[in-house]
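For reference, the structure discussed in these notes is given below.
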2 protein chains.
Amino acid sequence: MRPASRGRRPVYCSRACQARAYRSRKNPPVSVVVDEPTARQRLIVEAVWRIAAERGLDMATVREIAVEAGVSARVVQYHFKGKHDLLVIALRLLHRDNERRARDRIAALRDASNPRVLLRATLEELLPLDDQRRTSLRVMTAYYTRSLTDPALASVFLHDESPLEDMVTALISAAGTRRSIDAAREADLLVAGVTGLGLDLLHQRRTRADVRRTLDYHLDRILQTQP
Amino acid sequence: MRPASRGRRPVYCSRACQARAYRSRKNPPVSVVVDEPTARQRLIVEAVWRIAAERGLDMATVREIAVEAGVSARVVQYHFKGKHDLLVIALRLLHRDNERRARDRIAALRDASNPRVLLRATLEELLPLDDQRRTSLRVMTAYYTRSLTDPALASVFLHDESPLEDMVTALISAAGTRRSIDAAREADLLVAGVTGLGLDLLHQRRTRADVRRTLDYHLDRILQTQP
DNA sequence: ATGGAGTTGATACGTTCGTATCCCAATGGA
DNA sequence: TCCATTGGGATACGAACGTATCAACTCCAT
């Protein structure tokens, strides 16, 4: 590596320091988070989420993230390879957390409840109905937009191995449908529609009651009405 | 105004220049675009659109906008009060242009075509089916995300005086519906759903044929099928 | 021709950003 | 005891950004 044209100019205090610097330059303290982050990494990633949700992804600078996480900027620098990797990891972790949370919440309903409640709960995971989902949706929206010009982020969105539409299709089929209904087509519009309604809700362009009414109508329409 | 703590320090070449500077400081060359932009303003605004669509709204810096528009950065500075105002104006103009284009395109179909074609064309205005709509949707998406943390942009989205949902509701009602169908609820999910499908299309998470199939299915479902 | 108004060129200022570097403290194995 | 590794503090660097300012140019009425 060249004498470096950026950062403080190397004026070593001793040969030991020089050797140490050389070593650290050869293999930097990269910590690639693949599956499970350390406690400190989670702290920082959650700070990214909060800033992205409240002030936008642009405001998530290294210094601001550090302040929000209650650590120094050097710590952010140390625990991630760079800002971009931090953002990618933060998106992956949010994605994973959302899936886990949704699975848990729906699994809790799975026994002793009719299919309509299950389908409804599944779709409502996409709506900003509480602080957690609201924050998550805001962060996801920011990431979606950025992913349009950032292939690394786009791949996180696209490599989703369990499309939500399939789950909704299965739920509709299992519930039993009224007439000649194509469960897959209904699931497509339902998932896309609930996503769109969620964005309107985020903007307060619709009221929560309005969304609920629309959702109820279409659930009634698709599913068999019992009594 | 104070002697200014930013920019070049005032060292006047003559009393005439000093007087001119004083005058220009008192009433800056603000050009507030309300309805119709000048040719130069349009040039710059369109540069903003192109950059926002291709590289994201973050990359739309004053200098980059100037290069894209083929003018100097000073020109951008001169013709708008500041970067933020430029962004707001660019959004308003895009909004207006989209409405005009949609109205024209649909008006061209209004005679000698059945309601289904009309409704379909209306919804397809939201889909990235050609370069123009694709660019527009990318820019709008970027703006939507930014509007979540920028009240000035949010107000442009929210003060929309002619909700698309109403128009779709009217089209459904006018076309005549099959059974007991609530046109307003159908319009809500259709508009929100097509928006969501458009985002998937932008991401290439769905194919164009897939979207077309889903849309066809639901149009068939809602409207009376004519022999 | 003179000069004012509108517009553009050239340049600089202050801030913020991502990151590089030097340094030190704590820890733990040899 | 010694020393390498890990984790973090302090600071600095170069780039880019938004913007302010002076100077100069083009019209055009006087």
Side-chain angles (χ1 to χ4, degrees), chain A residues 1-31 38-41 43-44 48 51 55 57-67 69-87, chain B residues 1-31 38-41 43-44 48 51 55 57-67 69-87:
Chain A
M1 196 182 240
R2 301 214 323 277
S5 58
R6 300 260 297 274
R8 174 190 272 188
R9 231 184 337 258
V11 180
Y12 301 99
C13 60
S14 68
R15 291 199 71 93
C17 280
Q18 182 179 14
R20 178 195 306 265
Y22 175 77
R23 242 176 291 122
S24 120
R25 233 173 300 155
K26 283 203 66 170
N27 44 334
V30 187
S31 33
T38 66
R40 217 139 184 94
Q41 283 172 328
L43 193 74
I44 294 167
V48 172
I51 292 178
R55 281 175 283 164
L57 207 45
D58 310 322
M59 295 303 292
T61 73
V62 173
R63 288 166 175 87
E64 281 297 318
I65 293 167
V67 170
V71 299
S72 82
R74 180 66 178 83
V75 174
V76 178
Q77 211 179 343
Y78 183 77
H79 287 275
F80 296 91
K81 208 185 342 180
K83 190 197 169 182
H84 190 255
D85 290 278
L86 167 55
L87 290 186
Chain B
M1 196 183 240
R2 299 213 325 275
S5 58
R6 301 258 298 272
R8 172 191 275 189
R9 231 186 337 262
V11 180
Y12 301 98
C13 61
S14 69
R15 292 199 71 93
C17 279
Q18 181 180 14
R20 178 194 304 265
Y22 175 76
R23 242 175 292 122
S24 122
R25 232 173 299 154
K26 282 204 68 170
N27 44 334
V30 186
S31 35
T38 66
R40 215 139 187 100
Q41 283 172 330
L43 194 75
I44 294 167
V48 172
I51 294 178
R55 282 175 283 165
L57 208 43
D58 310 324
M59 295 303 291
T61 72
V62 174
R63 287 168 175 86
E64 281 297 319
I65 292 167
V67 170
V71 299
S72 82
R74 181 66 179 82
V75 173
V76 178
Q77 212 180 341
Y78 181 77
H79 286 274
F80 295 92
K81 208 182 348 178
K83 190 195 169 181
H84 189 257
D85 290 278
L86 168 56
L87 291 186

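The model shown is predicted, which means the values in this text are computed figures rather than measured ones. Below, each value reflects all heavy atoms present in this structure, side chains not excepted, and no hydrogens, waters or symmetry copies.
In this structure, Q41(A) places its CD atom 15 Å from C1' of dG8(D), rounding to the nearest Å. Following rounding to the nearest Å, H84(A) (NE2) and dC17(C) (P) show an atom-to-atom distance of 18 Å. One atom, NZ of K81(A), and another, P of dG18(C), lie 17 Å apart when rounded to the nearest Å. Following rounding to the nearest Å, I65(B) (CD1) and dA16(D) (P) show an atom-to-atom distance of 16 Å. In this entry the distance linking CG of D58(B) with P of dA15(D) reads 22 Å, nearest Å. Put simply, OH on Y78(B) is 18 Å from P on dA23(D), counting in whole angstrom units. For L86(A) and dC17(C), the CG to P distance is 15 Å, given to the nearest whole Å. Between the CZ atom of F80(B) and the C1' atom of dT7(C) there is a distance of 14 Å, given to the nearest Å.
The side chain of Q77(A) sits closest to dT21(C) out of dT8(C), dT21(C), dG18(C).
Contact check for I44(A) versus V75(A): side-chain heavy atoms found under the 4.5 Å cut-off.
In terms of position on DNA chain C, the residue among S72(B) and G82(A) whose nearest nucleotide sits closer to the 5' end is S72(B).
Every residue meeting the side chain to side chain donor-acceptor pair (under 3.5 Å) condition with R55(B), not counting sequence neighbours, appears here in chain and number order: E64(B). Taking D85(B) as the reference, K81(B) meet the side-chain contact (heavy atoms from CB on, under 4.5 Å) condition, with sequence neighbours excluded.
Nearest heavy atoms, T61(B) versus K83(B): CA-NZ, 4.4 Å.
On a pure distance criterion of 3.5 Å, no polar donor-acceptor pair joins the side chain of R74(B) and the base of dT11(C). With hydrogens and angles ignored, a donor-acceptor pair under 3.5 angstrom links the side chain of R63(A) to the base of dG18(C).
Looking at heavy-atom distances under 4.0 Å, R40(B) makes contact with sugar-phosphate atoms alone, never a base.
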Derivation and outcome, side-chain contact (heavy atoms from CB on, under 4.5 Å), residues V71(A) and R40(A): CA-CA 9 Å; V71(A) 299; R40(A) 217 139 184 94; 3.8 Å; yes

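In this structure, H79(A) reaches the dG8(D) phosphate: one of its side-chain N or O atoms is under 4.0 Å from OP1 or OP2.
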